[in-house]
Amino acid sequence: MTEFFDVHTALGYQRVQYCQCWVFAAAQNTLARALGIPTRVVSALESAVDSDRNRAIDTFYRYNTTGGLVPTYSPYKADSVWNFHAWNDMWFTRSDVDCAAMGYAADCADGWQAVDATGKLGPAAVNLVRRNENPTCLGEAARRCYDNEYVISEVNAYHNDWVEDAG
């Protein structure tokens, strides 16, 4: 995909600046379809970003001097909830996922794959996301096999509120 943007710039066209996820998703959707890959744009409201893979968004509070709760910053947690996020689902097969290790048929990860054009994730097998499964990947793919966990949290994270003991 970066080659497309390099050609765009080389032809003297202006760079697109200040893009958001929905712009990247639309561009990726267009390019993938032009290449013959079945693709669709997916969006979510209240999309979670779970930094420590515990499938929960942790928010920390403390009591202020009047007894009210105020959110506090924790250097150990960078969880957040975006009001909106968009990415793509693309249809293809996955030979890098060890479905047998999870007790599924060999093609368990084939089909729609969540792919984020902003570089945050992908591919993540939607079939396995629906089952809450984080797959075991084979060979070279094992070093980048973390994306299902990200998508599971993005669309299905718990929200934990923690209150610091004033005592």
Side-chain angles (χ1 to χ4, degrees), residues 1-2 5 15-29 32 39-90 92 94 96-99 101-104 108-109 111-167:
M1 187 157 171
T2 58
F5 294 113
R15 291 181 179 216
V16 177
Q17 296 180 1
Y18 313 110
C19 284
Q20 299 293 323
C21 59
W22 57 271
V23 175
F24 288 120
Q28 181 166 275
N29 194 66
T39 307
R40 61 188 179 195
V41 176
V42 179
S43 62
L45 300 175
E46 299 297 313
S47 181
V49 178
D50 177 25
S51 62
D52 61 359
R53 299 186 191 170
N54 68 348
R55 299 185 183 180
I57 303 305
D58 297 308
T59 308
F60 296 87
Y61 297 90
R62 65 174 171 77
Y63 287 102
N64 64 13
T65 56
T66 62
L69 289 175
V70 294
T72 61
Y73 169 75
S74 171
Y76 307 107
K77 293 296 290 181
D79 291 348
S80 63
V81 177
W82 299 349
N83 60 349
F84 173 83
H85 189 51
W87 61 90
N88 300 90
D89 281 352
M90 298 177 161
F92 51 87
R94 296 284 302 275
D96 61 326
V97 176
D98 187 1
C99 294
M102 295 181 289
Y104 296 125
C108 76
W112 291 112
Q113 311 292 321
V115 179
D116 194 327
T118 64
K120 299 217 176 284
L121 69 99
V126 174
N127 288 339
L128 298 178
V129 169
R130 287 186 180 136
R131 295 176 182 158
N132 235 14
E133 290 277 4
N134 194 26
T136 303
C137 289
L138 302 170
E140 179 65 19
R143 67 179 172 80
R144 63 181 180 275
C145 188
Y146 63 90
D147 294 329
N148 272 56
E149 198 67 47
Y150 187 95
V151 178
I152 290 167
S153 295
E154 189 170 40
V155 297
N156 199 28
Y158 291 102
H159 193 143
N160 298 326
D161 292 326
W162 302 90
V163 179
E164 183 181 350
D165 188 4

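For this chain, numbers begin at 1 and follow the sequence in order. Atom set for the values below is all heavy atoms of this structure, side chains included, hydrogens, waters and symmetry mates excluded.
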Legend entry - Check: C21 and F84 side chains under 4.5 Å, non-hydrogen atoms: yes
Inset, instruction - Return the minimal non-hydrogen interatomic distance between A157 and A48, and the atom names on each side. - result: CB-CB, 3.9 Å
Legend entry - Non-hydrogen side-chain atoms of Y158 and I57 separated by less than 4.5 Å: no
Legend entry - Close side-chain approach of E154 and W87, heavy atoms under 4.5 Å: yes
Inset, instruction - Kindly give the heavy-atom pair with the smallest separation between A86 and D116, and that separation in Å. - result: O-OD1, 4.2 Å
Inset, instruction - May I ask you to decide if E133's main-chain N or O and N148's side chain share a donor-acceptor pair within less than 3.5 Å? - result: yes
Legend entry - Distance-only side-chain donor-acceptor flag, H159 / D58, under 3.5 Å: no
Inset, instruction - Evaluate side-chain contact (heavy atoms from CB on, under 4.5 Å) for R55 paired with I152, printing each intermediate quantity in order. - result: CA-CA 7 Å; R55 299 185 183 180; I152 290 167; 3.6 Å; yes
Legend entry - Any side-chain heavy-atom pair of V97 and M102 under 4.5 Å: yes
Legend entry - CA sep, side-chain torsions, deciding dist, call: Y61, D161, side-chain contact (heavy atoms from CB on, under 4.5 Å): CA-CA 7 Å; Y61 297 90; D161 292 326; 3.6 Å; yes
Inset, instruction - Look up atom NE2 in H85 and atom CD in E46, then write down how far apart they are to the nearest 0.5 Å. - result: 13.5 Å
Legend entry - Considering all heavy atoms, the nearest A25-V41 contact: O-CG2, 3.9 Å
Legend entry - Expected output: side-chain Q28 to main-chain A26 donor-acceptor under 3.5 Å: no
Legend entry - M90 backbone acceptor or donor facing Q113 side chain under 3.5 Å: no
Inset, instruction - Tell me, please, whether W112 has R40 positioned over its six-membered ring: NZ or CZ under 6.0 Å from the ring centre and within 45 degrees of its axis? - result: yes
Legend entry - Value rounded to 0.5 Å, distance of CG in N29 from CH2 in W22: 14.0 Å
Inset, instruction - Identify the heavy atoms of L128 and C108 that sit nearest to each other, and give their distance. - result: CD2-SG, 4.0 Å
Legend entry - Side-chain heavy atoms of V163 within contact of Y63, under 4.5 Å: yes
Legend entry - Side-chain heavy-atom pair R94, P123 within 4.5 angstrom cut-off: yes
Inset, instruction - State, with a plain yes or no, whether a side-chain heavy atom of L69 is found less than 4.5 Å away from one of R62. - result: no
Legend entry - Validation row: T39, D89 side chains within 4.5 angstrom (heavy atoms): no
Legend entry - N132 side, atom CG; N156 side, atom CG - distance, nearest 0.5 Å: 6.0 Å
